[in-house]
Amino acid sequence: MKNLITFFACTLLISCNQKATSEKENQLQEEPEQEVIPDRSENFPDDITAVFKAHGGIQAFDQMNSLVFEIVKPEGNEKHTTDLKTRHARIETDKFSLGFDGKEAWLVQEDSTAFKGNPRFYHNLMFYFYAMPFVLGDDGISYEKVSDLKVEDKSYVGYKISYSDGVGDSPKDNYFLYYDEATHQMKFLGYTVTFFSKEASEKIKLIEYADWNNVNGLLLPKTLKWRAYKEGVVGEVKSERNFVNAIANKEKPSSSLFEKPVIEKEKTL
């Protein structure tokens with residue numbers, strides 16, 4: 001009888017151990033592999049790396065796969081969604097939607113007066129302004145130290161950012177990043193527009209980055225103010241944009257989100 005009890009006890013112990021091992025193996029199989037994102041900090045000038053770090057770090061930005069934000073407008077907010085790896089984009093409002101699927105910039109609207117711009121030009125315009133300074137870490141960019149920008153009684157350290165030939169739709173665009181030397185947070189962005197002319201331009205527009213919002217560890221703007229700017233002199237505020245409901249996410253968005261919607265008329269053809 002004693003031997004029989006011992007036998008059953010050993011059988012039960014072996015069964016429990018096998019079950020625990022099996023459950024552990026299943027857990028290991030179910031856990032997805034974590035993608036290792038390299039730190040690209042050493043690829044940039046020390047000053048630019050310091051600016052990235054002040055805004056959460058370029059590696060933290062590289063870990064994100066999607067960025068969503070809304071621009072506050074009187075007629076209704078304008079929602080922007082961007083795939084950070086492919087730069088596919090979608091913009092939605094109550095009156096129109098437009099996007100970029102990697103090949104085509106598309107526009108869907110019921111009223112032809114709802115959007116009067118160029119979809120190819122606009123689909124990533126506000127994304128570039130909003131995702132500063134991190135988009136200045138894209139491939140094919142050159143950095144050049146320039147004179148400080150003086151605003152009233154304070155100076156901001158400046159860098160000129162230019163692009164290699166064939167990078168993006170407007171490789172002749174130039175950006176001018178100005179940051180606070182004490183905090184390394186960016187304060188102003190100068191930029192030229194060459195999308196339509198395809199020619200280099202000396203006309204610089206200037207944006208003030210007025211305040212910031214922590215979005216999943218990334219310091220991104222809450223308010224952008226376009227300032228008058230001529231011959232290095234910064235003038236009054238001409239217009240501004242406010243941003244709300246920002247989300248930076250590691251989850252990759254579905255590619256179908258950026259495809260042109262099929263409207264009802266097209267469905268019946």
Side-chain angles (χ1 to χ4, degrees), residues 66-84 86-132 135 163 167-176 189-210 220-230 235-247 253 255-269:
S66 67
L67 181 62
V68 180
F69 60 86
E70 295 180 21
I71 302 175
V72 179
K73 293 191 172 183
E75 65 273 20
N77 288 2
E78 188 176 279
K79 182 179 179 181
H80 293 239
T81 303
T82 303
D83 183 318
L84 294 176
T86 65
R87 297 293 169 86
H88 296 176
R90 183 184 181 93
I91 300 174
E92 299 172 89
T93 73
D94 292 336
K95 297 183 178 181
F96 70 86
S97 62
L98 67 82
F100 178 67
D101 59 11
K103 295 181 180 179
E104 175 192 11
W106 51 265
L107 171 66
V108 174
Q109 56 184 350
E110 294 183 4
D111 182 352
S112 61
T113 64
F115 179 82
K116 297 181 179 180
N118 183 312
R120 182 85 186 193
F121 174 70
Y122 190 68
H123 80 271
N124 63 359
L125 177 66
M126 296 308 299
F127 162 76
Y128 264 82
F129 294 148
Y130 183 77
M132 292 285 172
V135 290
Y163 294 82
V167 175
D169 287 336
S170 305
K172 293 185 178 181
D173 279 354
N174 289 316
Y175 290 98
F176 299 85
L189 178 76
Y191 67 97
T192 63
V193 178
T194 65
F195 177 87
F196 299 101
S197 68
K198 307 302 180 186
E199 298 295 334
S201 173
E202 298 296 327
K203 185 177 181 180
I204 299 173
K205 298 183 179 181
L206 190 72
I207 301 174
E208 177 185 359
Y209 283 68
L220 298 172
K222 291 175 64 176
T223 305
L224 300 183
K225 296 181 178 181
W226 274 257
R227 302 282 295 264
Y229 183 71
K230 187 175 182 180
E236 76 280 2
V237 175
K238 299 173 65 177
S239 64
E240 70 176 61
R241 292 285 186 272
N242 295 298
F243 300 85
V244 295
N245 301 327
I247 302 171
S255 59
S256 62
L257 177 66
F258 308 106
E259 296 174 358
K260 182 178 180 180
V262 178
I263 60 177
E264 292 300 322
K265 288 183 179 179
E266 291 177 343
K267 289 181 180 179
T268 60
L269 294 179

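For this chain, numbers begin at 1 and follow the sequence in order.
Listed for the Trp106 side chain is a donor-acceptor partner under 3.5 Å among the backbone atoms of Phe258. A donor-acceptor distance shorter than 3.5 angstrom exists from the side chain of Asp101 to the backbone of Glu104, with no hydrogens or angles considered.
Residues forming a side-chain contact (heavy atoms from CB on, under 4.5 Å) with Ser255 (at least two apart in sequence, or on another chain): none.
Using cut-offs of 30° and 60° on the angle between ring planes, the pair Phe115 and Phe96 is tilted.
Taking all atoms of both residues into account, the shortest heavy-atom contact from Ser97 to Pro261 is OG-CG, 4.3 Å. Across every non-hydrogen atom of Arg120 and Lys103, the tightest pair is NH1-O, 3.3 Å. In plain terms, the two heavy atoms of Ala131 and Leu220 that are nearest each other are CA-CD2, 4.5 Å. The two residues Arg87 and Tyr128 come nearest to each other via the heavy atoms NH1-OH, 3.6 Å. Across every non-hydrogen atom of Gln109 and Ala114, the tightest pair is OE1-CB, 3.4 Å. Across all their heavy atoms, Pro253 and Asp83 have their closest contact at CG-OD2, 3.7 Å.
Between Phe243 and Tyr130, the distance from one ring center to the other falls under 6.0 angstrom.
For the side chain to side chain donor-acceptor pair (under 3.5 Å) condition, the pairs that include at least one residue of residues 67-82, sequence neighbours left out, are Glu70-Asn77, Glu70-Asn245, Lys73-Glu78, Glu78-His80, Glu78-Tyr122.
How far CD1 of Ile204 is from CG of Asn174: 8.0 Å, rounded to the nearest 0.5 Å. Rounding to the nearest 0.5 angstrom, the gap separating the CZ atom in Phe129 from the CZ atom in Arg241 is 10.5 Å. With rounding to the nearest 0.5 Å, the separation of CD in Glu110 from CG in Asp94 is 11.0 Å. Atoms CG and NZ, on Leu107 and Lys260 in that order, are 8.0 Å from each other to the nearest 0.5 Å. Rounded to the nearest 0.5 angstrom, Asn242 CG and Phe69 CZ are separated by 13.0 Å. Rounding to the nearest 0.5 Å places CG of Leu98 at 8.5 Å from OG1 of Thr93.
You'll find the side chain of Leu224 stays beyond 4.5 Å of the side chain of Glu240, heavy atoms only.
One finds no salt bridge joining Glu236 and Lys238 here, because no Lys/Arg side-chain nitrogen approaches an Asp/Glu carboxylate oxygen to under 4.0 Å.
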Worked check of side chain to side chain contact (heavy atoms under 4.5 Å, CB included) between Phe121 and Val193: CA-CA 10 Å; Phe121 174 70; Val193 178; 4.1 Å; yes
From CA spacing to verdict: side chain to side chain contact (heavy atoms under 4.5 Å, CB included), Tyr209, Ile207: CA-CA 6 Å; Tyr209 283 68; Ile207 301 174; 3.9 Å; yes
